[in-house]
2 protein chains.
Amino acid sequence: MFHHILVVDNEPELLELVDYNLAQADLRATCAISGLEALKHLNEQTFDLVILDIMMDGMDGFSVLERIRNGAMEMPVILLSAKHEVDSKIRGFGLGADDYVTKPFSPSELVARVQAHLRRTHKTASIEQMISYSYGNMRLNPAAQMLYKNNQAIPLSATETKMLLALMKRPNQTVPKIQLFEEVWGHSNYDENSINVYMNFLRKKIEDDPRQPRYIQTVWGLGYLLTGEAE
Amino acid sequence: MFHHILVVDNEPELLELVDYNLAQADLRATCAISGLEALKHLNEQTFDLVILDIMMDGMDGFSVLERIRNGAMEMPVILLSAKHEVDSKIRGFGLGADDYVTKPFSPSELVARVQAHLRRTHKTASIEQMISYSYGNMRLNPAAQMLYKNNQAIPLSATETKMLLALMKRPNQTVPKIQLFEEVWGHSNYDENSINVYMNFLRKKIEDDPRQPRYIQTVWGLGYLLTGEAE
DNA sequence: GTATGATTTTAAGAATGCTTTAAGAGAATT
DNA sequence: AATTCTCTTAAAGCATTCTTAAAATCATAC
């Protein structure tokens, strides 16, 4: 669960210093050497937090901050500046900044501040927001290891989840057993028995009548197929 | 709608100065001249934010901060100190502070920072600081550490409250154990045993039959889930 | 139809993760 | 200072999941 941080400054050495210290704290950083480059990144990716120098050539930090907030982006923004003037700080907070750190600063203090802001904003994030796969009247949430069939929740084990996921990624396509094994067990000492046994577990859980599989069809000599006529 | 701020410092002049400046910005302040007095206020009223001096006679700011967080109070805390040392700052942020301002400081900068924190917390906090969380036939009042189940009051400890709160914030979503630990214990020396033990405490209190949990479901290999069919 | 090999089912042990209990340290309260 | 409550730590017992193996069933081809 890595956080993604955008660092914007004109000075390459500073970028490097901050990048290094963030990495030490398990935080992933993307660096931008100018305001324009920052905006480009902001359009292309999402960030959990932005560290933004004010005094930059071209587009300055205040302008970048304005764009961020006007674009309805709500991640915390920490302003960086050599300016100690209170007016500059007031202006920054007024534009929607969350913090204002003056240069020179201690990298570890900056990291501590970053973590404090992330702690606050990222509490409610949850795995539910992750991708879930839908098919017919089934919806699989891999992160929660939970299958919803007609809105009835069916808990799956880790292996069952991986197996169903492999099929759900390719609806109506036959997935060969060897490939299924690769995706579920990861390694290559192919053991067909494991697949057979787990297919049985899975069907017991998801099929109304495991003897008359409606969702997972067997393709003889090949593998399995998640079929469509679920309705 | 006025925000209520607790200001804690040994120096009466500083209290007065801060009080005045907060009032200018339409913020209502309550002052405490010592750590103990601060705790008294915190027990009696709720605050939207705390400004807390570190170096105080008797109980110091770090201790007060610890009590605040251990008591499941989640309002932003701004530490105030003449100490510029990075270690002191790191310690403060580590204990759950949101900001650290060094003396002497500009009153208007402090006010700007207060507003920045209130702006941030108030978006989510309107939900979070809500007097109570409801789910099915349960209602949790985090501030009072009290759970009402079918209008029967069940007192919870601080840790139990934080744990149930973490689940109640995401009904029907699996909360991984690691995330649960983060939210309840705040730091990152993940200890699974603590979670297990406290889940047991919690279930004993809230489940009719702890052996047959109806509210909190276990998701094997992952975490826990507050389930919906509470009716 | 019967033989053959592939698939399904069942079952048991090992490995892993969860629940429960209990005891002692530490705070808060009286 | 004694008592109660909360929190931490450790360990034993349980439950589920995973693996392995073997028996039962089924589909196809001869």
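Proteins come first, then strands; the chains are lettered A, B, ... in the order of their sequence lines, and each starts at number 1.
Among dC18(C), dA28(C), dT9(C), the nucleotide with an atom closest to any side-chain atom of V197(A) is dT9(C). Distances were taken from every side-chain heavy atom of N200(B) (C-beta onward) to each of dA28(C), dT20(C), dC18(C); the shortest belongs to dT20(C). Of the candidate nucleotides dT19(C), dT9(D), dC7(D), dC7(D) has the atom lying nearest to any side-chain atom of T159(B). For S157(A), counting side-chain heavy atoms from C-beta on, the closest listed nucleotide (dA27(D), dC18(D), dT9(D)) is dC18(D). In this structure, the nucleotide among dA22(D), dT9(D), dT10(C) sitting nearest to the side chain of N193(A) is dA22(D). The side chain of W185(A) lies closest to dT19(D) when the candidates are dT19(D), dT19(C), dC7(D). Nearest to the side-chain atoms of T218(B) among the listed nucleotides dC18(C), dC7(D), dT21(C) stands dC18(C).
When each of K205(B) and Y198(A) is assigned the nucleotide of DNA chain D with its nearest heavy atom, K205(B) is the one assigned upstream, toward the 5' end. Taking for each of E192(B) and V219(A) the nucleotide of DNA chain C with the nearest heavy atom, the 5'-most of the two is the partner of V219(A). Each of R67(B) and G223(B) was assigned the nucleotide of DNA chain C with the nearest heavy atom; the assignment lying further toward the 5' end belongs to G223(B).
With rounding to whole Å, W220(B) atom CH2 is found 6 Å from dA15(D) atom C1'. In this structure, D209(B) places its CG atom 13 Å from C1' of dT19(C), rounding to the nearest Å. Summarising the geometry, the separation between CD on Q217(A) and P on dA6(C) is reported as 21 Å, rounded to the nearest angstrom. Taking atom CG on L156(A) and atom P on dT16(D), their separation rounds to 15 Å, with Å as the unit. Taking atom CD on Q212(A) and atom P on dT8(C), their separation rounds to 13 Å, with Å as the unit. Atom CG in L202(A) sits roughly 16 Å away from atom C1' in dT7(C) (whole-Å rounding). Going from atom CD1 of I195(B) over to atom P of dT20(C) covers 16 Å, rounded to whole Å. Spacing between atom CG of L36(B) and atom P of dA27(C) amounts to 15 Å, rounded to whole angstrom units.
Residue I195(B) holds its CD1 atom at 13.5 Å from CG of N200(B), rounded to the nearest 0.5 Å. Atom CG of residue L164(B) and atom CG of residue L140(B) lie 5.0 Å apart, to the nearest 0.5 angstrom. Atom CG of L226(B) and atom OH of Y215(B) lie 9.5 Å apart (nearest 0.5 Å).
With hydrogens and angles left out, the side chain of N196(A) and the base of dA6(C) share no donor-acceptor pair within 3.5 Å.
R203(A) has no side-chain polar atom (N or O) that falls below the 4.0 Å cut-off from OP1 or OP2 of dT9(C). Phosphate proximity of dT21(C) to K204(B): present, with a side-chain N or O under 4.0 Å from OP1 or OP2. Regarding contacts with the backbone of dC7(D), every side-chain N or O of S194(B) stays at 4.0 angstrom or more from both OP1 and OP2. Here K177(B) does not reach the OP1 or OP2 of dG17(C): none of its side-chain N or O atoms lies under 4.0 Å away.
When heavy atoms are screened at a 4.0 angstrom cut-off, E160(B) is found touching no nucleic acid atom at all.
Counting heavy atoms from C-beta on, the side chains of F47(A) and R28(A) never come closer than 4.5 Å. Looking only at side-chain heavy atoms (C-beta outward), F181(A) and Y198(A) stay at 4.5 Å or farther from each other.
The aromatic rings of H117(B) and H117(A) lie parallel to each other, with less than 30° between the two planes, well short of the 60° mark.
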